[in-house]
Amino acid sequence: PSDSVMAFYVKGANENYTTFDFTDAFVSGTTSWDTLSATYKAIVSDIDEVAALFLDLQNDGIAAIFRPIHESGGAWFWWSTHTGAQFAALYRLIYERMVFDNGVKNLIWVFNPQDAAKTGWNPGETHYDILSIDIYNNADDHSSNYAAFNGLKDNFGVTKILALSENGPIPDVTKMQDEGAVWSWFAAEFPHDLHSFLVLTHLVRGGEQSEHSFLHKIVGFKRSAKGT
């Protein structure tokens, strides 16, 4: 949020860090917002600023996938330094301010817990469309990550699309199908000189073939990597 430092890591997690404490916006001892507090006003000001960007896309007929305050429950970002209930209140504030107050209707919302055990950080299924997790396996480990896939289903239910929103080695598509862990997409984080790109996957219903598509091959997607 509006702060003297443009950072989202907490002290000890990165050399560029913030000491911002969003819980200062709560009425003491509750998860109700103190709408008169400076912290609350800073938060909603930044939410409104982000909402304006999405409204520009909305006016142009463009939808987007939005994964706010990601990896919830991890101790390295300012939004995850307190309790799951406090995080959930913040996520709901972002959603409700953008959707109900600002009129943003063109987003597919993603809730991204650090792991499948973080059920106490759930903002409520009405506030997101996709449930995702980030997993960085060791080099050359192309596992399907079926344990995480099943964990999300078991702990959060089966009503949401499941995604691997950040990963290292790309999961083996055949393993995903064989092990019943077909992520709706996975996003490989390559070294910057190779440029990160998003990979979409889907299972061909009624058959045994699994397909994957790269965004740069999808009509309408313009590659942004330098030199391409």
Side-chain angles (χ1 to χ4, degrees), residues 1-14 16-115 117-134 155-157 159-161 163 165:
S2 301
D3 199 5
S4 58
V5 178
M6 192 68 174
F8 45 84
Y9 286 104
V10 298
K11 187 176 182 179
N14 191 280
N16 296 314
Y17 65 89
T18 179
T19 58
F20 179 79
D21 188 345
F22 76 93
T23 64
D24 289 341
F26 289 130
V27 175
S28 180
T30 76
T31 54
S32 298
W33 298 106
D34 178 359
T35 57
L36 299 179
S37 69
T39 302
Y40 176 84
K41 291 177 181 178
I43 292 172
V44 297
S45 175
D46 282 359
I47 294 172
D48 291 347
E49 184 175 344
V50 174
L53 299 176
F54 285 124
L55 287 172
D56 286 342
L57 294 179
Q58 182 169 298
N59 291 335
D60 289 336
I62 300 171
I65 297 173
F66 186 40
R67 183 178 61 127
I69 50 179
H70 64 297
E71 297 178 4
S72 59
W76 42 91
F77 297 138
W78 61 260
W79 51 83
S80 289
T81 54
H82 295 282
T83 69
Q86 290 168 324
F87 165 86
L90 178 62
Y91 189 106
R92 289 192 294 269
L93 175 64
I94 295 170
Y95 179 95
E96 292 169 7
R97 180 82 180 185
M98 290 182 67
V99 173
F100 302 133
D101 295 334
N102 290 294
V104 177
K105 306 292 186 182
N106 61 327
L107 297 182
I108 299 170
W109 288 78
V110 182
F111 168 48
N112 175 219
Q114 179 198 0
D115 56 56
K118 296 294 187 294
T119 56
W121 297 70
N122 191 345
E125 65 175 19
T126 60
H127 287 69
Y128 63 93
D129 308 294
I130 294 174
L131 181 63
S132 79
I133 196 168
D134 300 349
N155 294 344
F156 290 90
T159 61
K160 299 297 181 181
I161 296 170
S165 44

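Only heavy atoms go into these numbers, but all of them, side chains included; no hydrogens, no water, no symmetry mates.
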Hey, does F54 have a side-chain heavy atom less than 4.5 Å from the side chain of N106? yes
Determine whether L90 and P123 make a side-chain contact, defined as any pair of heavy atoms from C-beta on separated by less than 4.5 Å. no
Please check if the side chain of E125 supplies one atom and the backbone of G157 the other of a donor-acceptor pair under 3.5 Å. no
Any non-hydrogen side-chain atom of T39 less than 4.5 Å from a side-chain atom of D21? no
Scanning both residues in full, the closest heavy-atom pair of S37 with A25 reads OG-CA, 3.6 Å
Quick one: pull up OG1 in T19 and CH2 in W78 and give me the separation to the nearest 0.5 Å. 12.0 Å
Kindly write out the residues that satisfy side chain to side chain contact (heavy atoms under 4.5 Å, CB included) with N122, not counting sequence neighbours, or none if the list is empty. F111, Y128, F156
Determine whether D46 and V50 satisfy the following criterion, side-chain contact (heavy atoms from CB on, under 4.5 Å), listing intermediate values before the conclusion. CA-CA 6 Å; D46 282 359; V50 174; 5.7 Å; no
Value for OH (Y91) from NE2 (H127), rounded to nearest 0.5 Å, stands at 9.0 Å
Can you confirm whether more than 12 heavy atoms, excluding those of K105, are under 6.0 Å from its NZ atom? yes
In terms of ring plane angle, is the pair F100 and Y95 parallel, tilted or perpendicular, where the classes change at 30° and 60°? perpendicular
About how many Å separate CH2 of W121 and CG of N112, when rounded to the nearest 0.5 Å? 12.5 Å
Interatomic spacing from CZ in R67 to OG in S72 - rounded to 0.5 Å: 10.5 Å
Going by the angle between their ring planes, with limits at 30° and 60°, are F77 and H70 parallel, tilted or perpendicular? tilted
Sequence neighbours left out, what passes salt bridge (charged side-chain N to carboxylate O under 4.0 Å, His left out) with D48? Give chain and number order. R97
Quick check on the 6.0 Å ring-centre criterion: do W109 and F66 meet it? yes
So, for P113 and K118, which heavy atoms are closest and what is the spacing to 0.1 Å? CB-CB, 3.9 Å
So CD1 of I161 and CD1 of I130: to nearest 0.5 Å the spacing works out to 5.0 Å
Can you name the closest pair of heavy atoms from D129 and L107 and give their distance? OD2-O, 4.0 Å
Less than 4.5 Å apart, any side-chain heavy atom of F8 and any of W79? yes
Could you go through the side-chain contact (heavy atoms from CB on, under 4.5 Å) check for Y40 and D34 one step at a time? CA-CA 7 Å; Y40 176 84; D34 178 359; 5.7 Å; no
Between F22 and H82, how do the two ring planes meet: parallel, tilted or perpendicular, split at 30° and 60°? perpendicular
Taking the side chain as every heavy atom from C-beta outward, state whether M98 and I47 have any atom pair closer than 4.5 Å. yes
Measuring from atom OG1 of T30 to atom CD of Q86, what distance do you get when rounded to the nearest 0.5 angstrom? 9.0 Å
Using the test side chain to side chain contact (heavy atoms under 4.5 Å, CB included), find all partners of I62 that sit at least two apart in sequence or belong to another chain. L57, D60
